[in-house]
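Sequential numbering from 1 along the given sequence is applied to the chain's residues. Side chains are part of it too, since the values below use all heavy atoms of this structure and drop only hydrogens, waters and symmetry mates. Values in this document were obtained by computation on a predicted structure and should not be read as measured data.
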Amino acid sequence: MNILVMASTIKMGGAKTIYNQFMSHLPEYIGSDKYLVYVSETLDKPEIPNVEYVVNHITRGYKLLQYERIHLSEDLAKKGFKPDLIISLQNNGYKYIKDCKQIVYYHQAIPLYAGFYNPFCHFERILFYYKFVYPYVMKSTWANDTIFAVQTPVVKERFAKTFGISQDRINTFFPDMEKINSLNVESYDWGDNNFHFIFVGEGMKYRNEITLVRAVKELYTVDKSIANRVRIHVLSSKHKNKNVVPTIEKLGLKKNFIFEGIVEHSKLLEYYKSATALLFTSVIETVGLPLMEAAAFGIPVLSSNIDFARYVIGGYEGAIFIEPYDVRLWVKEIEKVCIEKKQYPLFNPSQKSDWINFFNLISNIK
C-alpha cells in the first residue's frame, strides 16, 4: 500500500511531538508499505526502509496549503506515487486527491472551547483566527468519509460537537508519555526559603496568566509574609509574555515572577521535584502534559477546573481544581499549599499509549 503522510506545515509544539512519535513507531509497523512523507525544514527525517521524504520550503502555512491545493497532485504524478491512504498529521485534509482513504490527526484545541478574542489586538489576533476562521478553513479540506484521530475522549466529544462530525468517524489515541522515575531526579537547590511555583505558559490569553497575576497581588492583602516569599517560575521569556509583563511591573510584582525562558527538560524535572506546586490556569489544552509531569513528583497541582484537566489527573490526590477566573479561590489555594507544604503519593496515570491502535487503524483500512 502507498501511504502519503503530510507534515509539511508542522514546525514546533504538540504537532511536532505527534510527528516524532509517529515516526518513532513506524519502523515496527511499516511492513511492505511504502511511505512518502512531506515535512517542513525543521522536522527530523529518520532513515527508515521504504520511507521517502519531500521537504517543504514554503514557511507560511496558508500559502503552503494553497500551493498544495494546486500542485500536490501534480507532484505525486511526477513521482509516480498514487496514494492508497493519506495520513495528515496537521489538522487539514486533502479531499481533492480522489480515490484514497484519508486519516486526519486533529490537535488544535482553540476552536473547541469558548473564548472571545479581539482581532484588533496584536496579542489576540492569531487566537481570533484559530477560533473563528481556522475551523472553516480546515473543514473545507475534509472529505465526507475522512476518518479522524484525536488524543482524548474529551477532545473527541468537543470536536464532534464543534464540527458536526459523527463520533463514529472519530478515534481516540492517547500519545506516548514519558515514564518519570522521580527517584532518579536530583532536587533543585533554590538557594532560599521561598515558595517556588512552576507556571507553564507563553502569554497567550487562554493561558489565563492574568488571573494568576491578580491572585498574587491579592495575596499581599491576605498574607503579606507569604506573598513576599512567592516565586513563580514562568517557563518562557518576558518577550513571549509581553501582554502581562506591564501589569506585573505596574502592580509591583517583579520579584514574584521569574521568566526562565527555555528550560532544558532535565532541569525542568528538577524544578518539579523541588517546587511548592504547579500552577496551571490555562482554560484550553488537548492533553496538558505539565499536569501529569508535576503529579509524577507528588507535588500539589493547582489547575483550572476544566474537563481536559480532570481527565488526565482526576485520579491524583494532589490535584486541586479551581474555577479558572476566580481570583479569590486561587489566592486561597496558593496560601494553603504554602502553609501545608504537602506531598502526595506519586501519580501513575491510567492512560497508556495508543500508537499500536493507530497503526491497527491503518492496517484495517487496507
Side-chain angles (χ1 to χ4, degrees), residues 13-18 20-22 105-115 148-162 167 170-182 185 197-202 204 206-209 211-212 235 265 268-269 271-273 275 277-324 329-330 333 337 342-358:
K16 185 175 181 178
T17 300
I18 290 167
N20 288 338
Q21 291 188 9
F22 175 83
Y105 198 128
Y106 185 88
H107 46 79
Q108 176 50 260
I110 292 174
L112 310 184
Y113 287 84
F148 297 94
V150 298
Q151 293 183 322
T152 69
V154 170
V155 177
K156 177 178 180 175
E157 184 175 341
R158 286 184 173 273
F159 178 79
K161 184 177 180 180
T162 299
Q167 293 202 23
I170 309 170
N171 302 268
T172 59
F173 304 103
F174 201 73
D176 293 341
M177 289 290 167
E178 178 187 4
K179 292 183 179 179
I180 299 173
N181 185 346
S182 63
V185 178
F197 294 84
I198 308 300
F199 178 83
V200 180
E202 67 295 319
M204 290 292 188
Y206 66 84
R207 297 290 190 191
N208 192 25
E209 190 175 355
T211 293
L212 187 56
L235 304 184
H265 187 60
L268 172 59
L269 297 184
Y271 277 12
Y272 281 135
K273 187 165 185 173
L278 173 73
L279 301 173
F280 203 85
T281 53
S282 179
V283 296
I284 299 177
E285 298 290 337
T286 48
V287 174
L289 176 60
L291 296 168
M292 302 177 74
E293 288 180 331
F297 288 91
I299 65 173
V301 176
L302 280 59
S303 170
S304 288
N305 186 17
I306 307 290
D307 51 7
F308 66 81
R310 286 195 170 275
Y311 175 74
V312 293
I313 59 164
Y316 176 50
E317 289 183 33
I320 302 163
F321 297 105
I322 305 168
E323 291 308 305
L329 282 180
W330 282 98
E333 296 301 339
V337 297
K342 276 189 177 181
Q343 283 281 316
Y344 296 89
L346 307 185
F347 182 55
N348 183 21
S350 59
Q351 299 90 348
K352 305 300 179 185
S353 171
D354 285 322
W355 278 109
I356 183 174
N357 295 326
F358 186 87

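Heavy atoms only, all atoms of each residue included: A109 and I284 are closest at CB-CG2, 3.6 Å. For N305 against E323, the heavy-atom pair with the smallest separation is ND2-OE2, 2.9 Å. Shortest non-hydrogen contact noted between S304 and T281 is OG-O, 2.8 Å. Contact record, P300 with K342: CD-O, 3.5 Å, taken as the closest heavy-atom pair. Of all non-hydrogen atoms in F347 and G315, the two that sit nearest each other are CE1-C, 4.0 Å. Q167 and A160 make their closest contact through CG-CB, 3.7 Å (heavy atoms, listed as atom of the first residue, atom of the second, distance).
Other residues, nucleotides and ligands contribute more than 12 heavy atoms inside 6.0 Å of the CD atom of Q21. No more than 12 heavy atoms of other residues, nucleotides or ligands shown are found within 6.0 angstrom of NZ on K179.
The aromatic rings of Y316 and Y344 sit perpendicular to each other, their planes meeting at more than 60°, with 30° as the lower class boundary. W355 and F358 have perpendicular rings, their planes meeting at more than 60° on a 0 to 90° scale where under 30° would count as parallel.
K273 contributes a side-chain N or O that, together with a main-chain N or O of S182, makes up a donor-acceptor pair within less than 3.5 Å. Side-chain N or O atoms of R158 include one that pairs as donor or acceptor with a backbone N or O of L112 at under 3.5 Å. With hydrogens and angles disregarded, a donor-acceptor distance shorter than 3.5 Å links the side chain of W330 to the backbone of P324. A distance-only check finds no donor-acceptor pair linking the side chain of N171 to the backbone of V150 [under 3.5 Å].
Residues I313 and F280 fail the side-chain proximity criterion, which asks for heavy atoms closer than 4.5 Å. Looking at heavy atoms from C-beta onward, E178 lies in side-chain contact with L269 at the 4.5 angstrom threshold. Side-chain contact between L329 and E333 is absent, with no heavy-atom pair separated by less than 4.5 Å. For the pair F308/L291, a side-chain contact is recorded, criterion being any heavy-atom separation below 4.5 Å from C-beta on. Here the side chains of Y311 and D307 are not in contact, with every heavy-atom distance at 4.5 Å or above. Side-chain contact between V312 and E285 is absent, with no heavy-atom pair separated by less than 4.5 Å. Residues Q151 and Q351 fail the side-chain proximity criterion, which asks for heavy atoms closer than 4.5 Å.
Rounding to the nearest 0.5 angstrom, the gap separating the CD1 atom in I322 from the CD1 atom in I306 is 11.5 Å. Atoms CZ and CG, from F174 and N357 in turn, are 13.5 Å apart once rounded to the nearest 0.5 Å. Once rounded to the nearest 0.5 Å, the distance linking OG1 of T17 with CZ of F22 reads 15.0 Å. Taken to the nearest 0.5 Å, the CD1 atom of I110 stands 10.5 Å off from the OG1 atom of T286. Rounding to the nearest 0.5 Å places NZ of K156 at 6.5 Å from CD1 of I170. Expressed to the nearest 0.5 Å, how far NZ of K352 lies from CG of D354 amounts to 11.0 Å.
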Check the pair F197 / L212 against side chain to side chain contact (heavy atoms under 4.5 Å, CB included), numbers first and verdict last. CA-CA 11 Å; F197 294 84; L212 187 56; over 6 Å; no

Which is it for M177 and V287 under the side chain to side chain contact (heavy atoms under 4.5 Å, CB included) test, yes or no, and what are the steps along the way? CA-CA 11 Å; M177 289 290 167; V287 174; 3.4 Å; yes

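For Y206 and Y113, the gap between ring centers reaches or exceeds 6.0 Å.
Put simply, the residue from V337, L278, L279, I320 that forms a side-chain contact (heavy atoms from CB on, under 4.5 Å) with V301 is L278.
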